[in-house]
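Below is one structure, written out as structure tokens, with a few remarks after it.
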Amino acid sequence: MAPRNSGDGVVGDKEAAVCAPASKRPARDRIFETARELFYQHGIRAVGVETIAAEADATKMTLYRNFPSKDELVAEVLREQEREYWAWWEGVTACCCGEPRAQLEAIFDAFETKACNKDVHGCPLSNAAIELHEEGHPAQVVSVNYKKELHRRLTELCRGAGAKDDDLADALMLLMEGSYTARVTLGADGPVRAVARSARALIRYHLDGC
């Protein structure tokens, strides 16, 4: 049988590696991207390292050379998703001239569009926190710290907009978290379509008293 073209350069794959196209992505990138997609589509516990390696056209040995454990691979995937989310946040709020209320409204407008995307299956960091709820698990730590930072940022914007207490930030946090769940259970045509309007209603009630 001809050797499988893994492109990993491990013993037994030397000839295949030499023949592999120069444009083929490094094994680490393939493993990372494959794990990210599989974890989000099927759940973290449902996907084993053997499946990840096979789908990434790599070997289990190569996976462990690049990531010390599956737990660390999960945590690294979540860190990247967190970085992308904050980049999205900064992009959304950048056009609001530093006006906190406008930034809050822009975040929920963009969040509604994002949540209604056909490929969305909830917040990956929330999903991970539910699956991997063991205290001290590397992925759980990433997820919890991300949610704390999200609440901190919402609180900061609400205070900047004139909120007298943290009730508005708490309400918006609950709205955002609940919207992801509603998107998963009731689909893009369900209550998630009202998230931006609901956010504006909460903002008006807390800031304008109406």
Side-chain angles (χ1 to χ4, degrees), residues 32 36 39-40 44 72 74-117 119-186 188 190-210:
F32 181 87
R36 173 175 172 154
F39 290 154
Y40 191 56
I44 294 167
E72 288 300 330
V74 174
E76 188 56 39
V77 166
L78 295 178
R79 290 186 194 103
E80 178 63 18
Q81 288 169 323
E82 180 182 11
R83 285 190 288 268
E84 290 178 358
Y85 184 80
W86 294 134
W88 170 85
W89 177 289
E90 297 299 335
V92 168
T93 58
C95 61
C96 299
C97 302
E99 169 51 47
R101 181 166 181 163
Q103 288 176 324
L104 285 170
E105 293 175 348
I107 287 167
F108 278 89
D109 286 342
F111 176 81
E112 181 177 310
T113 300
K114 187 182 183 73
C116 288
N117 187 290
D119 297 321
V120 168
H121 305 286
C123 170
L125 288 107
S126 293
N127 296 346
I130 293 169
E131 271 201 87
L132 309 172
H133 52 78
E134 300 94 335
E135 185 176 353
H137 189 291
Q140 175 75 354
V141 172
V142 175
S143 297
V144 170
N145 287 341
Y146 159 71
K147 294 300 180 180
K148 287 180 178 178
E149 174 63 11
L150 175 58
H151 187 252
R152 187 198 68 77
R153 290 189 182 212
L154 286 173
T155 300
E156 183 177 69
L157 285 178
C158 290
R159 289 175 179 171
K164 297 178 181 179
D165 51 41
D166 294 340
D167 287 355
L168 175 56
D170 293 345
L172 292 176
M173 182 79 180
L174 290 172
L175 176 63
M176 186 174 284
E177 294 295 285
S179 296
Y180 268 130
T181 302
R183 171 64 181 85
V184 172
T185 56
L186 299 173
V192 71
R193 295 179 303 167
V195 64
R197 295 194 305 275
S198 298
R200 278 182 163 77
L202 285 168
I203 292 168
R204 285 196 305 272
Y205 175 78
H206 285 275
L207 299 184
D208 303 331
C210 61

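The basis for the numbers below is simple: all heavy atoms, side chains too, and nothing from hydrogens, waters or symmetry mates. Keep in mind the model is a prediction, meaning the values are calculated, not measured.
You'll find the side chain of Leu104 reaches within 4.5 Å of the side chain of Cys158, heavy atoms only. Residues Thr181 and Leu186 have side chains not in contact (no heavy-atom distance under 4.5 Å, counting atoms from C-beta outward). Here the side chains of Lys114 and Val92 are not in contact, with every heavy-atom distance at 4.5 Å or above. Arg200 is listed as a side-chain neighbour of Glu105, based on a closest heavy-atom distance under 4.5 Å. His151 is listed as a side-chain neighbour of Asp170, based on a closest heavy-atom distance under 4.5 Å. Residues Val74 and Pro138 fail the side-chain proximity criterion, which asks for heavy atoms closer than 4.5 Å. Here the side chains of Cys123 and Lys147 are in contact, with some heavy-atom distance below 4.5 Å.
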Given the rule in the side-chain hydrogen bond (donor to acceptor under 3.5 Å, both in side chains) test, do Trp86 and Glu90 qualify, once you have shown the distances and angles that lead to the verdict?
CA-CA 6 Å; Trp86 294 134; Glu90 297 299 335; over 6 Å; no
Stepwise, does the salt bridge (charged side-chain N to carboxylate O under 4.0 Å, His left out) test hold for Glu76 with Arg83?
CA-CA 11 Å; Glu76 188 56 39; Arg83 285 190 288 268; 3.4 Å; yes
Should Phe111 and Tyr85 be marked as a ring pair (Phe, Tyr, Trp, His ring centres under 6.0 Å) after you check the CA-CA gap, both sets of side-chain angles, and the distance that decides it?
CA-CA 11 Å; Phe111 176 81; Tyr85 184 80; 7.9 Å; no
Take Tyr146 and Gln81 through the side chain to side chain contact (heavy atoms under 4.5 Å, CB included) test and state the conclusion after the steps.
CA-CA 10 Å; Tyr146 159 71; Gln81 288 169 323; over 6 Å; no
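For the atom pair CD1 of Ile107 and CD of Glu112, the computed distance is 14.5 Å after rounding to the nearest 0.5 Å. With rounding to the nearest 0.5 Å, the separation of CH2 in Trp88 from OG1 in Thr93 is 9.0 Å. Between Leu172 atom CG and Thr155 atom OG1 the span is 9.5 Å, to the nearest 0.5 Å. Taking CD of Glu82 as the start and CH2 of Trp89 as the end, the distance is 12.0 Å to the nearest 0.5 Å. With rounding to the nearest 0.5 angstrom, the NE2 atom of His121 is 6.0 Å from the OH atom of Tyr40. Annotation: the span from Asn145 atom CG to Arg152 atom CZ amounts to 12.5 Å, rounded to 0.5 Å.
Between Leu78 and Pro124, the closest heavy-atom pair is CD2-O, 3.9 Å. Residue Gly98 comes nearest to Gln103 through the heavy atom pair CA-NE2, 3.9 Å, listed as atom of the first residue, atom of the second, then distance. Contact between Ile44 and Ala128 at its shortest, heavy atoms only, is CD1-CB, 3.7 Å. Residues Met176 and Leu150 approach most closely at SD-CD2, 3.9 Å, considering heavy atoms. For Cys96 against Ala106, the heavy-atom pair with the smallest separation is SG-CB, 3.7 Å. Ser126 approaches Glu177 most closely through the heavy-atom pair OG-OE1, 3.3 Å.
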Show me the donor-acceptor pairs within less than 3.5 Å that the side chains of residues 203-210 make with the rest of the protein, sequence neighbours left out.
from: Asp208; atom 1: OD1; to: Arg101; atom 2: NH1; distance (Å): 3.0
from: Asp208; atom 1: OD2; to: Arg101; atom 2: NH1; distance (Å): 3.2
from: Asp208; atom 1: OD2; to: Arg101; atom 2: NH2; distance (Å): 2.7

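Around CD of Glu135, the count of heavy atoms belonging to other residues, nucleotides or ligands within 6.0 Å does not exceed 12.
In this structure, the side chain of Ser179 does not engage the main chain of Val192 through any donor-acceptor pair within 3.5 Å. The backbone N or O of Phe39 sits nowhere less than 3.5 Å from a side-chain atom of Asn127 that would complete a donor-acceptor pair.
The existence of a salt bridge linking Glu156 and Arg159 is excluded, since no basic side-chain nitrogen approaches an acidic carboxylate oxygen closer than 4.0 Å.
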